[in-house]
*Asks:* 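Have a look at this one.
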Amino acid sequence: MPLEGDIAQRKTTFKQIGTRPIRPDGVDKVTGRARFGADASAPGMLIGKVLRSPHAHARIRKINTAKAEALAGVKAVVTRDDFKDRNDALRDVLVNCMARDKALYDGHAVAAVAATTAAIADKALKLIVVDYEVLPHVTDVDEAMKPGAPILDKTMFTNNVEPKPTKPSNVASRCEFALGDIKAGFAKADVVVERSFKTEATHQGYIEPHACLANLGPDGQGEIWVCTQGHYMIRNTCADLLGLDISKLRVTASEIGGGFGGKTTVFIEPVALALSRKSGRPVKMVMTRNEVFRATGPTSSTSMRIKVGTTRDGRITAAEADLRYQGGAFPGSPVELGAMTAFACYDLENVKAVGYDVITNRPKQAAYRAPGAPMAAFAVESVIDELAKKIRMDPVDFRLKNAAKQGTKSAYGPTFGPIGLIQTLEAIKAHPNYRAPLGPNQGRGLASGFWFNFAGQTCTTLNVNLDGTVALAVGTPDIGGSRASMCLMAAEELGIGYEQVRTIVADTSSLGYNDVTDGSRVTFASGLATIMAAREVIKKMCARAAKTWGISADAVTWEDGQAKPAGSNAGNFKPMSFKEIAAASHSTGGPLAGHHEINADGAGVSFATHLCDVEVDPETGYTRVLRYTIAQDAGKAIHPSYVEGQFQGGAAQGIGWALNEEYIYGKDGRLQNAGFLDYRIPVASDCPMIDTIIVEVANPKHPYGVRGVGETSIVPPMGAIANAVSAAIGVRMLELPMSPPRIVHALDSRLKKAAD
Amino acid sequence: MSGHHVTTTINGDSVEFVCEPQESLLDVLRNHLGLTGAKEGCGTGDCGACSIELDGRLVCSCLVLGAEAEGRKIRTIEGMAKGDKLHPLQKKFLEHAALQCGICTPGFLVAARALLERTPNPTETQVRYWLAGNLCRCTGYDKIVRAVLATAVEMKQEKRHAA
Amino acid sequence: MQFEAPETVGAAVKLLAKASGTTRMLAGGTDVLVQLRSGTVEPKLIVDLKRIAELGKIAPEKGGFRVGATVPAAAIGENVKVRKMWPGVVEAANLIGSTQIQGRATLAGNLCNGSPAADSVPALIAASAVALIAGPKGRRKVPVEKIIVGPGKTSLKKGEIVTGIVLPARPARTGDAYLRFIPRSEMDIAVVGVGVCLTLDAKGVCTAARVSLGAVAPTPLLVKAAADALIGTKVDAAALAKMAKAASAACNPIDDKRGTKEFRVKVAGVLARRAAEKALKRARGN
Ligand SMILES: Cc1cc2nc3c(=O)[nH]c(=O)nc-3n(C[C@H](O)[C@H](O)[C@H](O)COP(=O)(O)OP(=O)(O)OC[C@H]3O[C@@H](n4cnc5c(N)ncnc54)[C@H](O)[C@@H]3O)c2cc1C
Ligand code: FES
Ligand code: FES
């Protein structure tokens with residue numbers, strides 16, 4: 001009898017896991033029926049729009065909304081005065097949603113209106129008069145750290161430094177992770193490479209802009225329909241910001257058109273609720289693409305110094321990183337995660353990574369797929385590549401010689417259990433693409449990457465219907481096919497068909513709290529809770545069968561989707577199928593349901609190695625990606641197509657980040673390229689087919705061995721591509737993106753120091 | 001602001017609507033006609049999520065004024081399946097897992113249909129360039145391109161069977 | 001905002017001539033709708049030209065072609081005869097935006113939008129194309145290089161419409177080509193664009209050439225010095241190098257989100273050379 005909560009009850013042979021059925025939400029999505037954030041409407045609905053700061057940094061002296069309010073069709077205007085100030089952890093979130101004393105970046109919200117039509121709302125925005133006192137601004141991370149830089153927040157003193165600073169600065173905090181003695185380590189090295197790198201901010205670039213439909217009555221009861229990675233987060237945050245009881249706000253997660261971390265916080269949702277409360281009408285808000293770029297979370301831009309030493313025979317003796325990440329106008333850049341992950345691929349005795357969290361006049365960064373890790377990995381993997389070339393060692397062999405493995409103590413703390421880095425390196429080495437011939441101006445590069453993965457608070461409910469089908473309610477929005485994986489796991493566990501399970505994403509009032517869909521946690525954590533809920537159902541079903549047969553529940557066992565007497569002693573009864581027990585449930589004790597709630601742990605770290613070939617036009621700096629190969633440890637691939645899709649999607653985002661994506665700020669501190677024409681994400685003709693190898697080193701903390709897969713795939717690409725480009729042009733590229741002007745510049749200035 | 005009264009044909013049905021002169025056809029489809037299958041990813045022609053056919057040409061409906069639709073013939077994602085029968089592209093997209101979040105999918109399907117109706121045997125390169133105006137941030141395009149190529153093969157076989 | 005869709009050129013001219021405030025003509029709308037959306041312009045009047053039958057055709061004209069003002073780029077690409085005679089112009093037109101944009105965007109719109117980076121304009125200039133204009137004072141013809149006078153500014157007078165673009169008959173042993181640089185493979189505005197057209201004599205000596213650059217100055221440029229570097233030569237490596245240098249020298253670009261000055265100047269030369277090589281090959285085949 002499986003016990004609920006018994007994670008150790010592991011399965012290794014599967015009937016359905018690892019197959020590739022059609023996803024349950026598929027037909028809706030190919031016919032246009034699926035409803036995304038902007039696809040909802042309500043009777044009497046108003047359109048809400050936001051007025052945004054045109055200045056990078058300005059004191060807001062006064063906001064005059066009188067003319068806007070007087071415009072026919074305008075039903076509500078809100079400003080900072082409509083949100084109660086606070087002094088706790090949510091203050092930054094509030095201030096980011098609606099500026100208070102200062103506008104802190106180009107695009108910062110300063111007021112919002114709700115009107116009967118979009119055109120009237122637009123007109124009303126133009127009638128709002130904001131009296132700004134423009135202040136000096138800073139958008140570059142290195143500039144922001146310099147003495148004399150414009151200070152964004154005079155009350156901010158760097159945390160975690162001794163002695164405590166006496167002057168405010170833009171450095172919010174410092175962090176450090178270390179092992180051993182790097183001085184001694186470097187002393188043992190035969191070859192040391194030290195390099196400085198910069199990376200520009202990139203945006204998650206989900207195709208669906210933020211959208212919501214809010215309805216909040218004078219009785220304090222409200223509802224909101226929203227595209228988000230975490231509707232419970234939306235509920236709790238909005239309830240708190242608006243002073244509502246959590247129970248009175250019901251949040252429904254729409255289908256979500258991509259998030260990649262960018263939809264793990266609130267932007268327009270509290271504003272829409274405030275407008276709805278004030279107007280007494282439902283309010284729909286949809287961001288424009290321009291707003292998405294200017295005011296939602298890109299990731300950090302960074303400046304980094306990496307130093308690594310090795311012996312001539314390829315053993316790394318010491319590694320050091322200084323990381324400076326700006327996270328926009330508020331503390332909280334993912335520099336700590338960068339410092340933790342920087343050297344996680346390596347088994348090192350002496351390592352030190354220091355991070356600085358810096359604020360600048362840019363939008364508040366939001367999580368972006370493995371937040372913080374890709375930049376550090378780009379820098380570290382570039383140095384590793386250079387070292388391998390210097391000691392004339394094959395780059396895979398160099399990595400293999402130093403690779404983290406089971407038992408490796410990582411610099412950020414834990415000692416790794418079973419992990420698959422070595423397998424990914426070996427898979428790449430064995431792949432024909434590793435030996436494909438290269439032509440002139442072509443180069444090959446590879447890089448490895450690491451991500452922790454998270455698990456977190458999760459709960460699911462599994463209801464059995466009379467006809468033997470199952471309704472599974474999860475609380476984690478499905479961003480990329482997770483409902484299919486949930487159906488597979490429930491079906492596998494219950495021994496019923498995939499088609500017999502329907503998975504829905506429940507609203508916040510129908511299911512207990514779930515953390516946001518992030519940290520690649522859904523297949524792991526909701527999957528775990530689903531399996532546990534299924535096991536609870538099985539236990540109950542065994543009890544029902546026992547009752548039917550008049551024997552003790554202990555005397556019933558579950559096999560192949562059937563309850564059976566445990567042995568000949570138990571009696572000779574015909575096994576009862578899942579369907580039969582379900583059909584009889586009304587007479588054996590009523591509805592059958594399983595439920596599981598957990599604050600899960602052990603999501604299982606995941607490693608990947610990427611291999612990439614490029615061709616660079618030396619006269620124009622144009623780079624074409626010729627081949628791309630990924631090997632990543634998935635623990636256990638529940639639905640391999642969607643695992644491959646996660647690998648491929650991460651690689652494509654990485655291609656963009658490596659080659660052309662960047663936030664470009666003008667001297668005025670305003671974003672120059674707030675649109676898809678000039679913020680250049682890869683298009684279909686920019687990408688080759690992306691070959692994938694799924695490595696499966698089971699995660700012992702999941703009954704099926706699942707690890708998160710969604711994020712690791714964006715960690716290695718920039719390093720792999722930078723190594724390939726550097727090999728192709730014979731100059732080491734130290735800045736992202738490696739846009740054509742940067743490549744031509746590098747070639748022309750013959751910064752031909754390293755590369756070979 | 002004067003409303004424009006427009007009569008047009010959408011997926012074979014005659015449709016009438018009133019729109020303001022500055023409203024895009026995408027606004028009209030989504031906000032007036034309840035046809036929310038076409039998505040707005042940018043509103044400026046850059047992402048292709050709003051793709052439709054207008055008099056047989058693939059266009060971004062965000063770059064067409066509603067008022068321009070008078071007397072035209074429009075095809076949207078909503079008309080792609082015939083009753084309960086999915087278009088071969090829709091089927092292949094599902095089989096190949098050519099969608100993750102699915103926001104780009106209607107645009108890709110409409111664009112890919114326009115391609116296969118003109119070029120029944122496209123090469124991978126042709127598919128990639130034809131679809132370059134359709135952004136997908138989730139898939140890396142691999143499975144989308146494969147699904148389109150596989151559909152072309154299947155449609156060719158079906159034609160041969162029919163002949 | 002008022003929207004009108006007249007059915008004759010005369011009616012359109014009249015509407016535009018008597019309008020007060022900002023007006024826009026709607027050909028493909030791929031620039032106009034973006035401007036409307038961003039709020040950068042708020043026209044009082046929009047005149048849709050697509051109901052004017054005369055403007056929707058490609059017609060033969062004196063051995064060349066007249067491309068009507070509302071013919072979308074996709075239709076130009078589908079026209080085998082135009083493609084054969086002026087492949088460079090067609091290449092340029094077919095580089096504008098995506099398949100979806102191609103379904104709408106026109107040569108006239110590309111020209112009259114006045115962008116220095118418009119792809120078809122350097123190709124049209126190189127091909128000696130002429131804009132046909134109708135206005136309150138009647139009709140006139142103007143070489144394409146005389147239309148754009150500054151970023152977003154044209155020499156058209158109030159009420160004037162470009163009704164079409166004439167591609168002249170192609171002289172013997174003449175070839176044209178257009179190349180642009182963009183950071184991606186598709187869906188970008190030119191960082192540099194170069195149109196080249198050259199004519200050879202029977203011995204392979206270049207007797208006439210036109211070189212036009214886009215995105216490197218406030219307007220598209222017709223660079224005489226670059227053409228002169230080719231004329232009288234067999235378009236050998238030395239001549240090409242000289243013309244590339246002249247092309248680079250003619251640039252007067254800005255640093256912006258799309259590229260640095262340094263980059264544009266350099267790449268203009270590179271592309272000028274490559275485009276000339278391509279045009280040369282075509283000229284030899286014609
Ligand atoms: C996503 C996207 C990608 C793009 N990519 C490119 C690209 O790669 N290369 C490029 O060059 N451009 C590009 N563009 C810009 C645009 O598509 C082109 O400039 C196009 O050729 C404009 O033609 P249109 O017919 O759509 O013009 P419209 O938008 O209809 O008009 C443009 C301007 O010309 C005026 N006008 C139009 N017709 C006439 C006429 N007959 N007489 C007088 N004035 C007239 C209008 O008043 C308006 O000011 C892109 C645009 C988008 C949205
Ligand atoms: S919404 Fe029309 S192209 Fe993006
Ligand atoms: S599947 Fe999400 S954008 Fe394409």
Side-chain angles (χ1 to χ4, degrees), chain B residues 1-6 19-27 38 40 42-72 107-108 110-112 114-115 118-119 122 125-135 141, chain C residues 1-7 22-52 56 70-78 91 94-106 109 182 184-189:
Chain B
M1 257 172 271
S2 57
H4 278 262
H5 183 246
V6 176
C19 70
E20 289 175 15
Q22 78 283 356
E23 278 185 297
S24 72
L25 182 54
L26 178 63
D27 291 337
E40 178 168 314
C42 67
T44 49
D46 307 322
C47 77
C50 64
S51 295
I52 59 153
E53 270 185 41
L54 182 67
D55 282 350
R57 286 234 182 262
L58 181 67
V59 302
C60 295
S61 59
C62 71
L63 294 186
V64 178
L65 290 177
E68 286 183 72
E70 174 66 37
R72 307 278 187 216
F108 269 99
V110 169
L115 169 66
R118 277 171 189 72
T119 315
T125 304
Q126 279 174 316
V127 173
R128 288 188 182 277
Y129 277 87
W130 180 274
L131 295 177
N134 290 84
L135 300 180
Y141 304 104
Chain C
M1 190 178 103
Q2 185 192 347
F3 173 88
E4 297 292 343
E7 293 185 357
T22 312
T23 61
R24 281 289 182 276
M25 277 163 262
L26 198 60
T30 58
D31 282 315
V32 169
L33 267 87
V34 173
Q35 292 161 4
L36 287 182
R37 169 80 182 204
S38 67
T40 48
V41 285
E42 289 177 55
K44 287 261 160 38
L45 170 69
I46 289 215
V47 178
D48 183 5
L49 303 177
K50 289 189 292 298
R51 309 259 164 200
I52 306 173
T70 63
V71 175
I76 299 171
E78 287 159 11
E91 269 160 12
N94 287 169
L95 281 173
I96 298 174
S98 58
T99 316
Q100 285 86 337
I101 301 299
Q102 291 280 305
R104 300 280 286 171
T106 65
I182 55 170
R184 284 185 288 193
S185 58
E186 270 282 349
M187 292 305 285
D188 270 320
I189 300 301

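All values derive from a computational prediction rather than experimental measurement. Chain naming here is simple, since letters A, B, ... match the order of the sequence lines and numbering starts at 1 in each.
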*Asks:* With a 4.5 Å cut-off on side-chain heavy atoms, are C:L36 and B:L65 touching?
*Replies:*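 B:L65 reaches C:L36 side chain to side chain.
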*Asks:* Please report the shortest heavy-atom distance between C:R51 and B:E68, naming the atom on each side.
*Replies:*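 Nearest heavy atoms, C:R51 then B:E68: NH2-O, 3.0 Å.
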*Asks:* Heavy-atom distances under 4.5 Å only: say whether B:A114 touches chain C with side chain, backbone, both or neither.
*Replies:*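 When you check distances to chain C, no heavy atom of B:A114 falls under 4.5 Å.
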*Asks:* Go through the atoms of C:S38 and report whether side chain, backbone, both or neither lie under 4.5 Å from a heavy atom of chain B.
*Replies:*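 For C:S38, no heavy atom lies under 4.5 Å from chain B.
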*Asks:* With only heavy atoms counted, which part of C:E42 is less than 4.5 Å from chain B, the side chain, the backbone, both or neither?
*Replies:*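 Nothing of C:E42, per the 4.5 Å heavy-atom cut-off to chain B.
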*Asks:* Identify the heavy atoms of C:M1 and B:P21 that sit nearest to each other, and give their distance.
*Replies:*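 Looking at all heavy atoms of both residues, the closest pair is O-CG, 3.0 Å.
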*Asks:* Using heavy-atom distances under 4.5 Å, tell me whether B:E70 contacts chain C through its side chain, its backbone, both, or neither.
*Replies:*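 Contact with chain C: backbone and side chain both.
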*Asks:* What is the distance from atom CH2 of B:W130 to atom CD of C:E186, rounded to the nearest 0.5 Å?
*Replies:*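 B:W130 CH2 to C:E186 CD: 11.5 Å, rounded to 0.5 Å.
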*Asks:* Might you point out which heavy atoms bring B:R57 and C:P72 nearest each other, and give the distance in Å?
*Replies:*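 That would be NE-CG, 3.9 Å.
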*Asks:* What heavy-atom pair brings B:G48 and C:Q100 nearest, and what distance separates the two atoms?
*Replies:*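 Shortest heavy-atom contact: CA-NE2, 4.2 Å.
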*Asks:* Taking side chain as everything from C-beta outward and backbone as N, CA, C, O, which of these in C:A74 sits under 4.5 Å from a heavy atom of chain B? Side chain, backbone, both or neither.
*Replies:*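 Its backbone and side chain both get close to chain B.
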*Asks:* Pick from C:L33, C:D48, C:I46: which one has the most heavy-atom pairs with chain B under 4.5 Å?
*Replies:*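 Top option by heavy-atom pairs under 4.5 Å: C:L33.
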*Asks:* Select one option (side chain, backbone, both, neither) describing which atoms of C:P43 are under 4.5 Å from chain B's heavy atoms.
*Replies:*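 Neither part.
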*Asks:* Using every non-hydrogen atom in the two residues, find where C:R104 and B:L63 come nearest and quote the distance to one decimal.
*Replies:*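 For C:R104 and B:L63, the tightest heavy-atom pair comes out as NH2-O, 3.7 Å.
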*Asks:* How many angstroms lie between CZ in C:R37 and CD in B:E40, if you round to the nearest 0.5 Å?
*Replies:*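 C:R37 CZ to B:E40 CD: 4.0 Å, rounded to 0.5 Å.
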*Asks:* Please identify, among B:L54, B:V64, B:I52, B:T44, the residue contributing the most non-hydrogen atom pairs under 4.5 Å to chain C.
*Replies:*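 With the most close heavy-atom pairs to chain C, the winner is B:V64.
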*Asks:* Of the non-hydrogen atoms in B:G133 and C:S98, which two are nearest, and what is the gap between them?
*Replies:*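 Closest approach of B:G133 to C:S98, heavy atoms only: CA-CB, 3.3 Å.
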